[in-house]
Every structure is written in structure tokens, then in C-alpha cells.
Amino acid sequence: MAVKKKLKAKTKRRKVPAKRPAIRRKAAKPARKPARKAPVRRAAPKAAKTKAAKPKPAKTKTASLPEPPAPGERIGIVIHYYGTPMVAIVKLEAGTLRVGDTIHIRGHTSDFSQRVESLQVEHAAVNEVGPHDEFGIKVVQHAREHDVVYKLPAS
């Protein structure tokens, strides 16, 4: 009779919880050498004074340069500027302004002249504006708030 071998029962392997990956440490950088200090700069020896040296004039208060004369009659001031349509809003202080007059706009960084092509009061085109009116005018260059507007004499 043939002998039957007993089969051993295979034992199930127990599941082991997953281990966290080991944290990799960055390799230590070599220490930097300390920065070299700049050598101390010594002042150059002063030259000996000569007897023929001219005396320095006494210092006086420096006055600001006089403002150049106005190019014409001051009539108003820029109170606002719109960059995209290049329109300046001007408040007329004195006098009148008509289409066709020549104006000069002067300020801290602005200084240009132009002919008045159109005037608008509250989005309505007008031919003439009088004192104390606020109006819009198309300008050829950038005008800034507080720039002064002069009316040039007719030539």
C-alpha cells in the first residue's frame, strides 16, 4: 500500500503594517569661511597750504532761481487730467477763452503751448468760456494738476 504523505498545512503569513519611509537628511554643506574684512582706509595726508591761496568767499543763503517770466496772461489752473483721452479739466480764474486761442501750460514738469481746438462744459461743446468756469480741453501733452494755464497774445 502506498503511503500517503501528510500535507503540512501552510500557515498564512501575517500582514505587517507598512513602515514609513526613512527621512533622508540633506548632506551637510561644508562650513563657509568667514568673510575677509576690508582693510581700513586711511585718509590721505592733506597738502600743505600755500601762502598764495585765495580766501574763500563767505557763504550766503542761496536763493532759489527766479522763475522765468510768464509767457502771457494767467487765466486758469489745471484741476484734473484724464490720461487716456488726454483731456485736462481747467478752472478759469480770469478772462475768457475761445476756440482758436493759443494757450501755454506750465508746471513742475510740463511746459508746452497749443492752439485750443475744442472746449467742453459738462460734455457739451462750447465756443467760449468765461471766468469761474470749469471746462475740458484736449491737450497735446501730459498736463498735471496745479499746472498754470496762460493765454498767449494773438500773433
Side-chain angles (χ1 to χ4, degrees), residues 16-155:
V16 180
K19 291 183 181 178
R20 289 186 180 170
I23 299 173
R24 286 188 167 181
R25 295 186 182 206
K26 293 181 179 178
K29 292 181 180 179
R32 284 187 171 180
K33 292 181 184 177
R36 293 182 70 193
K37 291 184 179 178
V40 177
R41 293 185 181 182
R42 305 275 181 204
K46 292 185 178 180
K49 291 184 178 179
T50 59
K51 292 182 181 180
K54 293 181 182 178
K56 291 183 179 178
K59 288 188 177 180
T60 60
K61 290 184 179 179
T62 56
S64 61
L65 295 175
E67 190 174 313
E73 174 193 359
R74 177 183 170 143
I75 59 168
I77 191 163
V78 176
I79 58 173
H80 194 72
Y81 176 75
Y82 295 99
T84 303
M86 290 185 72
V87 171
I89 305 300
V90 178
K91 180 166 179 74
L92 208 61
E93 297 169 343
T96 60
L97 188 65
R98 295 180 178 190
V99 173
D101 289 345
T102 305
I103 61 170
H104 186 93
I105 297 178
R106 180 187 285 173
H108 183 68
T109 57
S110 310
D111 194 9
F112 63 95
S113 297
Q114 76 171 57
R115 187 171 172 266
V116 177
E117 299 295 329
S118 68
L119 296 171
Q120 286 191 355
V121 176
E122 307 227 351
H123 303 286
V126 294
N127 289 331
E128 182 179 1
V129 289
H132 309 293
D133 282 345
E134 291 183 5
F135 61 93
I137 182 170
K138 183 113 169 115
V139 291
V140 294
Q141 289 185 16
H142 188 92
R144 288 154 183 84
E145 291 181 8
H146 309 294
D147 285 356
V148 180
V149 181
Y150 298 96
K151 181 177 179 181
L152 298 179
S155 46

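Atom set for the values below is all heavy atoms of this structure, side chains included, hydrogens, waters and symmetry mates excluded.
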(request) Write down the atom of Gly72, the atom of Leu152, and the distance for their closest heavy-atom approach. (result) N-CD2, 4.3 Å
(message) Just verifying a value: how many Å separate Ser118 OG and Lys138 NZ, rounded to the nearest 0.5 Å?
(response) 8.0 Å
(request) Check the pair Arg98 / Asn127 against side chain to side chain contact (heavy atoms under 4.5 Å, CB included), numbers first and verdict last. (result) CA-CA 6 Å; Arg98 295 180 178 190; Asn127 289 331; over 6 Å; no
(message) Just verifying a value: how many Å separate Ile137 CD1 and Leu97 CG, rounded to the nearest 0.5 Å?
(response) 6.0 Å
(message) On a heavy-atom basis, which atom in Val126 and which in Val121 lie closest, and how many Å separate them?
(response) CG2-CG2, 3.8 Å
(request) Measure the spacing between OH of Tyr150 and CD1 of Ile75 and express it to the nearest 0.5 Å. (result) 11.0 Å
(request) Kindly compute the distance separating CD (Glu145) from CD1 (Ile89), expressed to the nearest 0.5 Å. (result) 10.5 Å
(request) Any chance you could measure Lys151, atom NZ, to Arg74, atom CZ, to the nearest 0.5 Å? (result) 16.0 Å
(message) Checking side-chain polar atoms at under 3.5 Å, does Asp111 have a donor or acceptor matched by the opposite partner on His104?
(response) yes
(message) I'd like to know whether Val139 forms a side chain to side chain contact (heavy atoms under 4.5 Å, CB included) with Tyr81, so could you lay out the CA-CA distance, the side-chain angles of the two residues, the decisive distance to 0.1 Å, and finally the verdict.
(response) CA-CA 10 Å; Val139 291; Tyr81 176 75; 3.7 Å; yes
(request) Measure across Asp101 and Thr96 and return the closest heavy-atom pair with its distance rounded to 0.1 Å. (result) OD2-O, 4.5 Å
(message) Minimum heavy-atom separation for Asp147 and Ser110, please, with both atom names.
(response) OD2-OG, 2.9 Å
(request) May I ask you to decide if Ile105's main-chain N or O and Gln141's side chain share a donor-acceptor pair within less than 3.5 Å? (result) no
(message) side chain to side chain contact (heavy atoms under 4.5 Å, CB included) for Glu122 and Phe135? Distances and angles first, verdict last.
(response) CA-CA 7 Å; Glu122 307 227 351; Phe135 61 93; over 6 Å; no
(request) Of all the heavy-atom pairs spanning Ala94 and Pro131, show the shortest one and how long it is. (result) CA-CB, 4.4 Å
(message) If the threshold is 4.0 Å, N to carboxylate O, is there a salt bridge linking Glu117 and Arg115?
(response) yes
(request) Could you grab the distance from atom CD of Gln114 to atom CD1 of Ile103, nearest 0.5 Å is fine? (result) 4.5 Å
